[in-house]
Amino acid sequence: MGFDPASDYPLGSRRPDLVRTPSGLGLEELTLDAVRAGRIGPEELRATPETLRRQSAVALAAGRTQLADNLARAAELATVPSSTILEIYTALRPHRSSAEELEGWAERLETELEAPLCAAFVREGAAAYAERGLLRA
């Protein structure tokens, strides 16, 4: 059965078969007893790229384009290590990076991390920072 973003929301109650953990556990397997028994750790409680893309489709179907865009970018970052995300976040703070450094992050996002939407977002930020004098000299 396919996925219909208009009728399958909320996924957890209408289409729990589509919700999986990073290792493939089903929603019905995520129980407090399993956590207490040590069968489920914090790494299993992360959203998967597939779930985030579905949530993006739901937001788009509801006309919430900015939320859809954010969820699509989140899907790209779902498998990126937290330390790398923190590095990117720090680089995007005003006066922290030069235009060249931000372009370096954009290229890495696009090629190495397979996150073209996030790369475009970094480039958009770099252009806005250049216009407002917020790049590191």
Side-chain angles (χ1 to χ4, degrees):
M1 177 189 290
F3 169 67
D4 179 0
S7 65
D8 288 343
Y9 180 80
L11 293 175
S13 58
R14 294 201 177 164
R15 290 299 305 277
D17 59 302
L18 296 177
V19 181
R20 297 267 172 226
T21 69
S23 73
L25 295 175
L27 193 57
E28 71 283 353
E29 297 175 82
L30 297 177
T31 65
L32 190 53
D33 288 338
V35 172
R36 285 184 183 138
R39 294 189 308 268
I40 295 175
E43 68 282 351
E44 288 299 325
L45 302 178
R46 296 179 58 144
T48 63
E50 296 79 18
T51 298
L52 289 164
R53 281 192 286 274
R54 287 186 184 108
Q55 292 289 11
S56 176
V58 167
L60 192 59
R64 301 182 69 189
T65 56
Q66 288 179 324
L67 178 59
D69 291 346
N70 285 338
L71 289 164
R73 285 190 295 269
E76 288 184 346
L77 295 176
T79 59
V80 174
S82 298
S83 60
T84 303
I85 292 173
L86 265 165
E87 287 180 60
I88 297 166
Y89 171 80
T90 300
L92 284 168
R93 296 189 65 192
H95 304 289
R96 294 288 175 104
S97 300
S98 66
E100 294 79 19
E101 289 167 328
L102 290 177
E103 179 56 30
W105 274 114
E107 288 177 18
R108 184 172 175 203
L109 282 161
E110 203 164 54
T111 58
E112 180 185 328
L113 301 172
E114 299 177 9
L117 299 174
C118 292
F121 188 76
V122 168
R123 288 185 177 111
E124 182 181 333
Y129 281 13
E131 184 179 302
R132 292 173 177 83
L134 298 174
L135 291 169
R136 191 178 77 215

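- Counting heavy atoms from C-beta on, the side chains of Leu134 and His95 come closer than 4.5 Å.
- Remark: the backbone N or O of Tyr9 is paired with a side-chain donor or acceptor of Arg14 at under 3.5 angstrom.
- For the pair Pro49 and Thr79, the minimum side-chain heavy-atom distance is below 4.5 Å.
- Distance alone, capped at 3.5 Å, places no donor-acceptor pair between the Arg46 side chain and the Pro22 backbone.
- No side-chain heavy atom of Asp69 sits less than 4.5 Å from a side-chain heavy atom of Phe121.
- Panel note: side chain Ser56, backbone Leu52; no donor-acceptor pair is recorded below 3.5 Å.
- Taking each heavy atom of Glu44 and Ser23 in turn, the nearest pair found is OE2-OG, 2.8 Å.
- No side-chain heavy atom of Val19 sits less than 4.5 Å from a side-chain heavy atom of Leu30.
- The distance from atom OG1 of Thr90 to atom CG of Leu86, rounded to the nearest 0.5 Å, is 6.0 Å.
- Under the salt bridge (Lys or Arg N to Asp or Glu O under 4.0 Å) criterion, Arg96 pairs with no residue at all, not counting sequence neighbours.
- Between Arg15 and Arg54 there is no side-chain heavy-atom pair separated by less than 4.5 Å.
- Annotation: Glu114, atom CD; neighbour count of heavy atoms from other residues, nucleotides and ligands within 6.0 Å does not exceed 12.
- Under the 4.5 Å side-chain heavy-atom criterion for ILVMFWY residues, a single connected hydrophobic cluster contains both Leu45 and Leu18.
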Determine, step by step, whether Leu11 and Phe3 satisfy the side-chain contact (heavy atoms from CB on, under 4.5 Å) criterion, reporting the C-alpha distance in whole Å, the side-chain angles of both residues, the deciding distance to 0.1 Å, and the verdict.
CA-CA 10 Å; Leu11 293 175; Phe3 169 67; 3.4 Å; yes

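- Between the side chain of Arg108 and the backbone N or O of Leu113, no donor-acceptor pair lies under 3.5 Å.
- Shown here is Gln66, whose CD atom has no more than 12 heavy atoms of other residues, nucleotides or ligands within 6.0 Å.
- Put simply, CH2 on Trp105 and CZ on Arg123 are 13.5 Å apart, with the number rounded to the nearest 0.5 Å.
- The distance from the CD1 atom of Ile40 to the CG atom of Asp33 is 10.0 Å, given to the nearest 0.5 Å.
- Neither Leu109 nor Leu117 shares a network with the other; the hydrophobic side chains, linked directly or stepwise wherever heavy atoms of I, L, V, M, F, W or Y lie under 4.5 Å apart, form separate groups for each.
- The backbone N or O of Leu102 lies less than 3.5 Å from no partner atom in the side chain of Ser97, so there is not a single donor-acceptor pair.
- The distance from the CZ atom of Arg136 to the CD atom of Glu100 is 9.5 Å, given to the nearest 0.5 Å.
- Within a 6.0 Å radius of OH in Tyr129, other residues, nucleotides and ligands contribute more than 12 heavy atoms.
- Side chain of Glu76 to backbone of Cys118: a donor-acceptor contact under 3.5 angstrom is found.
- In the hydrophobic clustering of this structure, Leu25 groups with Leu27; members are Ile, Leu, Val, Met, Phe, Trp, Tyr whose side-chain heavy atoms approach within less than 4.5 Å, directly or through other members.
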